[in-house]
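Step one of this worksheet: look at the structure below.
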Amino acid sequence: MTLVTEAERSVRRAPGSKRQRRGTDHGAWFLVLPALIPILILSVGPLLYGILLAFTDAQSGRTQPTQWIGGLNFRDLLHDTLFWESFRIGLVWAVGVTVPQFLLALGLALLLNQDLRLRWLARALAIVPWAMPEVVVGVMWRLVYNPDAGILNETLRDLGLGDGRDWLSGLGTALPAVIVVGIWAGMPTTTVALLAGLQNTPRELHEAAAVDGAGAWRRFRTVTWPALRPVALAITALNLIWNFNSFALVYVLTSGGPGGRTRLPMLFAYEEAFRYGQFGYAAAMGCVMVAVISILLALFLVGRLRGGDDA
């Protein structure tokens, strides 16, 4: 009687196992395919078309066929001071919204993570701005900033701090006023993400640190923040992208005014495409914005990851 070793059994099963794995892989791709098709059609396809459009002289209302012009749009864009000024404003807007938004959301998340009375109600109220469309948020804050009957100016008059001002039309106040709205509108998303990260932190670690005599700040620095760092890194990176690509909120509030002080790059590209009909030039702007923000984001992520490793 021949004894079959375990190695021989594994060799005999190997071909069947490979076929079984291939069948499993094909089944997995078949399940993923319905989700990939909309992404390819609605995201990858328009992106590729936009890149191709950037190398043409496409214009609205043009009777002649669209011509391939190579990198002329990008050459003109390098000397377009208005676009680079809008790019600078976009970076100021993105950083000015993202950093205070994260700090305020972190404080709110720490508060909502405590055992408070009516905590469920506070959490529900904290996500109200997230449930409101950006257009509604913009209209609401236009009423708040209204120079004649806005609640902000009325409050300042009641406190004897002046007669108020036109916040959205002033050259020095328009961008800060819009940044405040961006912080308020984006806080819920950041708060929910950070709160989820806090709830995944083992409570036993906090209890052990408290038993060892660690104060609140030391517990946060040695226990809470290391566990929260991956979530904080991810939500900060996403917020930078979302804020830099903002359109609807600023468009409703100021339409890029006054004097271009709040004209973000997306607003500039929108005006070039749909007000002046320069589709090829606007597509080149979009390509530059994607490239530059990708490089800045990569540098940011590399710096944060190295900082985390050093810590």
- prompt: Hey, mind stepping through Val288 and Trp84 against side chain to side chain contact (heavy atoms under 4.5 Å, CB included) and telling me if it holds?
  reply: CA-CA 11 Å; Val288 172; Trp84 293 111; 3.8 Å; yes
query: Looking only at heavy atoms, what is the nearest atom pair of Pro258 and Ser169, with distance?
result: CG-O, 3.3 Å
- prompt: Same cluster for Leu77 and Leu72 if Ile/Leu/Val/Met/Phe/Trp/Tyr side chains link at under 4.5 Å?
  reply: no
message: With a 6.0 Å cut-off (strictly less than), is the heavy-atom count around CD1 of Ile151, excluding the residue itself, greater than 12?
response: no
query: Considering residues, nucleotides and ligands other than Arg123, do more than 12 of their heavy atoms fall under 6.0 Å from its CZ?
result: yes
field: Under the side chain to side chain donor-acceptor pair (under 3.5 Å) test, residues paired with Arg88 that sit two or more places apart
entry: Glu85
message: Within a 6.0 Å radius of atom CZ on Arg218, are there more than 12 heavy atoms belonging to other residues, nucleotides or ligands?
response: no
field: Minimum-distance pair of heavy atoms, taken over all atoms of Ser246 and Leu264
entry: O-CD1, 3.8 Å
Within one Ile-Leu-Val-Met-Phe-Trp-Tyr cluster: Val137 and Leu253, side-chain cutoff 4.5 Å: yes
- prompt: Should the pair Phe274 and Phe279 be assigned to parallel (<30°), tilted (30 to 60°) or perpendicular (>60°) ring geometry?
  reply: perpendicular
task: Tell me, with the steps shown, if Ser43 and Leu47 meet side chain to side chain contact (heavy atoms under 4.5 Å, CB included).
output: CA-CA 6 Å; Ser43 297; Leu47 177 62; over 6 Å; no
query: Going through the checks in order, is the side chain to side chain contact (heavy atoms under 4.5 Å, CB included) test met by Val252 and Val139?
result: CA-CA 7 Å; Val252 173; Val139 172; 4.0 Å; yes
query: Under a 4.5 Å cut-off applied to non-hydrogen side-chain atoms, are Thr98 and Trp242 in contact?
result: no
query: Under 3.5 Å, is there a donor-acceptor pair between the side chain of Asn113 and the main chain of Leu195?
result: no
- request: Using modelled atom types only, decide if a donor and an acceptor are shared between the side chain of Asn73 and the backbone of Thr56 within a distance under 3.5 Å.
  value: yes
message: Let me confirm one number: the CG-CG distance from Leu91 to Asn243, rounded to the nearest 0.5 Å.
response: 11.5 Å
field: Taking every non-hydrogen atom, the tightest pair across Asn245 and Met266
entry: O-CG, 3.6 Å
statement: When rounded to the nearest 0.5 Å, the distance separating CD1 of Ile235 from CG of Leu106 is 12.5 Å
message: Just checking Tyr251 against Tyr270, ring centres under 6.0 Å apart?
response: yes
message: Applying a strict under-4.5 Å side-chain criterion to I, L, V, M, F, W and Y, I'd like to know whether Trp130 and Val231 cluster together.
response: no
Derivation and outcome, side chain to side chain contact (heavy atoms under 4.5 Å, CB included), residues Val292 and Phe244: CA-CA 11 Å; Val292 174; Phe244 186 80; over 6 Å; no
field: Joint hydrophobic cluster, Leu143 plus Leu152, side-chain heavy atoms closer than 4.5 Å
entry: no
query: Does a sphere of radius 6.0 Å around CZ in Phe247 hold more than 12 heavy atoms from other residues, nucleotides or ligands, not counting ones at 6.0 Å or beyond?
result: yes
With a cut-off of 3.5 Å and sequence neighbours excluded, list every side-chain donor-acceptor pair involving residues 173-190.
residue: Thr173; atom: OG1; partner: Trp167; partner atom: O; Å: 2.7
residue: Thr190; atom: OG1; partner: Gln101; partner atom: OE1; Å: 3.4
residue: Thr190; atom: OG1; partner: Asn239; partner atom: ND2; Å: 2.9

- prompt: Is a side-chain donor or acceptor of Asn200 paired with a backbone partner of Ala196 at a separation under 3.5 angstrom?
  reply: yes
task: Starting at OG1 of Thr224, measure out to CZ of Arg229 and round the result to the nearest 0.5 Å.
output: 12.0 Å
- prompt: Is the Phe55 ring parallel, tilted or perpendicular to the Phe74 ring (thresholds 30°, 60°)?
  reply: tilted
- request: Taking the side chain as every heavy atom from C-beta outward, state whether Leu198 and Leu228 have any pair of such atoms under 4.5 Å apart.
  value: yes
Closest non-hydrogen atom pair, Ala58 against Leu53: CB-CD1, 3.7 Å
- request: For Ser255 and Glu271, work out which heavy atoms get closest and say how close.
  value: O-OE2, 4.1 Å
task: Flag yes if Leu82 and Tyr281 sit in one hydrophobic cluster, no otherwise; membership is Ile, Leu, Val, Met, Phe, Trp, Tyr, and two members link when side-chain heavy atoms are under 4.5 Å apart.
output: yes
message: When you measure from the side chain of Thr236 to the backbone of Leu233, do you find a donor-acceptor pair of N or O atoms at a distance under 3.5 Å?
response: no
- prompt: Thr262 side chain to Gly257 main-chain N or O, any donor-acceptor pair under 3.5 Å?
  reply: yes
task: Report yes or no: does Asp166 contribute a side-chain atom to a donor-acceptor pair with the main-chain N or O of Pro147 at less than 3.5 Å?
output: no
message: Ignoring hydrogens, what is the shortest heavy-atom contact between Asp80 and Met285? Give both atom names and the distance.
response: OD2-CE, 4.4 Å
